[in-house]
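See structure below.
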Amino acid sequence: MAHPSSRRAGFSKKAQFSLFTGYLLAGGGALLGAVLLALSLWQPEAFAPLRGVAGEVVAPVGSGTAVARSSGQGFFASIAAYFNAGAQNAELRRENELARIRLAEADAIAAENRRLKGLLGLRDGESKPVAVTRLVGSTATSGRRHAYIGAGSASGVQPGMPVLSERGVIGRVLETGRNSARVLLLTDSESVLPVRRATDNVIAFAEGRGDGLLRIRLVNLGVNPLKVGDMMVTSGAGGYYRPGVAVAVIAKITPDGGIARLVAEPGATNFVSVLPVHQAQAIAELEAPESVGDTPSPAPTSAASASAAVPPATAEE
Amino acid sequence: MERLDPRARSDIYGRRINRAPDPWRVRLVPYASIMLASVLPVLLIADTMPLLPSLGFLLLLAWRMVRPGLLPLWAGAPLGAFDDLVSGQPFGCAIFLWSLAMIAIELIETRFPWRGFWQDWFTASVMSVVYWLASLLFSGASLTPEMVGAAAPQALLAILLYPIITRIVAGLDRFRLARARTID
């Protein structure tokens, strides 16, 4: 299509000026955008209040679509379940038997644990969730992996609090609005979480790769003790997460650790609970001297230099 | 006349006598549709990978190509600001890139005044791939090969979606100009 003739300036001074003004405004917009982009890359939390307002608008609509989404997934899952029902039933029966035995053992261990902790005088208080809410949606177009939840500072949600589903860790609260909050998902490439193997004390960092998987990097290098199928849980180092929450299962072994698949997929999650920061006082004390020195702590790049006290996802702070 | 042919006094925008397009609809539909397209991907999917291309940007391109001169040259900045609030990109990314895109299309249009569908598709494809790469670079995360690999389907989808989106925009344009107001 050719230009509509009204948009050719010709000799009309007025048309020439309005065309020029259009270019000027558009150029100014681009320049403003570049400045804002530089500012928000330099200070990521600068525009958090603005985004909080937008989140307020998105969250109520999103909770509606979240219902449709989860029921839709249930629909397809129930069709799929008809196909290998018989074999699955027998398998599940056997697993249930085993699980009952293990549960009884776990009860015994929990009781012993309580007794031993009582002897030590160590009181690890049960942390009650700050809020239980819906996972409203996530950024589906950006390379960053953020999600929205339907609870905000009005329900006591603060930045830094861990967000868990009934299966395991989802992520960490990044910004809060009044009735919504933005969550940094584990798979975001800026997310770092200290983990350990569930069965023993092999310590590692779980870093997001940005493609839905986690890279597990061992702190102590040497012979790689990980095996495919190992469960990684939070180690509690850094003080943000309660220790022992499921994070990921190793899917592939690499020289310095492994590639792991998430236990709690955000796509299959409907409700999440926001827990208080596990060791809030310790973190406050840790962060106090940093603010005096005014040096933003970078993300732990080498596993050797990263001590156990590195909080997850420091680059976002 | 109506007895002979019921559509004699109407066109694709509806009956002509005694009717006029709704002034609010004429102005608001392009902006509202672009903003809705910015929000839509956030609402529909919660997943571990980026999946959809930026629908808001694709709709902006389509409105600009299908109806040249409807969106002012500076429209990229305010619409981009809204997109930044919900897309998860650092604030300012879409303001910058959408403004640049609007200027670029304007320059291309002055250089090649007679354009066709294939050329429009080519321009939109190049622009959406450049936009995809630039928003990955500006996302604030350090770029890893895995991230680019995971995001590659987005670029492909953006190219393939353009013809469909221009059809949607053409439909929205008919809705925009439909003679909904009765003049007494």
Side-chain angles (χ1 to χ4, degrees), chain A residues 1-4 6-7 22-23 25-41 44 46-47 50-51 53-55 57-58 61-62 65-66 69 135-148 182 185 187-190 209-213 262 265-267 269, chain B residues 39 41-56 68-69 72-78 80-82 84-100 102-103 106 109-110 113-116 135-136 138-144 146-147 149-151 154:
Chain A
M1 191 191 289
H3 273 246
S6 62
R7 295 175 58 242
Y23 272 105
L25 283 174
L31 202 67
L32 179 74
V35 171
L36 288 175
L37 177 61
L39 190 65
S40 55
L41 284 177
F47 297 100
L50 259 178
R51 274 197 292 265
V53 173
V57 181
V58 170
V61 190
T65 55
R69 195 174 60 224
L135 193 70
V136 168
S138 80
T139 53
T141 59
S142 168
R144 305 300 304 275
R145 311 288 354 118
H146 295 165
Y148 297 92
R182 185 182 275 247
L185 295 176
T187 51
D188 188 281
S189 55
E190 296 293 300
R209 295 209 310 175
D211 67 340
L213 297 172
L262 284 181
E265 291 274 355
T269 303
Chain B
V39 183
V42 179
L43 300 181
L44 295 184
I45 318 163
D47 212 353
T48 48
M49 279 192 268
L51 287 171
L52 283 173
S54 173
L55 289 183
L73 195 52
W74 45 265
F82 178 79
D84 273 334
L85 290 180
V86 292
S87 72
Q89 293 282 111
F91 192 78
C93 176
I95 302 179
F96 177 55
L97 293 173
W98 290 25
S99 297
L100 284 189
M102 290 299 275
I103 296 173
E106 192 74 17
E109 208 177 59
T110 352
W114 291 93
R115 298 178 289 116
S135 42
L136 266 186
F138 293 145
S139 68
S142 43
L143 207 60
T144 58
E146 292 88 11
M147 236 172 106
Q154 275 185 303

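All figures in this text were calculated on a predicted structure; none of them were measured in a lab. Protein chains get the first letters and strands the later ones, always in sequence-line order, with residue 1 at the start of each.
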Side chain / backbone / both / neither for B/Ser87 at chain A, heavy atoms under 4.5 Å: both

Between chain A and each of B/Ile103, B/Leu136, B/Asp84, count heavy-atom pairs under 4.5 Å; write down the option with the most. B/Ile103

For residues B/Ile95 and A/Gly33, report the shortest heavy-atom separation together with the two atoms involved. CG2-CA, 3.6 Å

For B/Pro53, is it the side chain, the backbone, both or neither that has a heavy atom under 4.5 Å from a heavy atom of chain A? backbone

Contacting moiety of B/Val39, where chain A heavy atoms sit under 4.5 Å: side chain

If you tally heavy-atom pairs under 4.5 Å against chain A, which of B/Cys93, B/Gly56, B/Gly80, B/Ala81 wins? B/Cys93

The interface call for B/Gln154 against chain A, heavy-atom contacts under 4.5 Å, is side chain

What distance do A/Leu32 atom CG and B/Phe96 atom CZ have between them, rounded to the nearest 0.5 Å? 11.5 Å

Which heavy atom of B/Ala77 sits nearest to which heavy atom of A/Gly29, and what is that distance? CB-CA, 4.0 Å

Heavy-atom pairs under 4.5 Å with chain A: which of B/Ser135, B/Pro90, B/Pro72 has the most? B/Pro90

Applying ring-ring contact (aromatic ring centres under 6.0 Å, His included), name anything that partners B/Phe91, two or more places apart in sequence or on another chain. A/Phe47

Taking all non-hydrogen atoms of both residues into account, name the closest pair between A/Tyr148 and B/Leu85 and its distance. OH-O, 3.9 Å

So which part of A/Ala34 gets closer than 4.5 Å to some heavy atom of chain B, the side chain, the backbone, both or neither? both

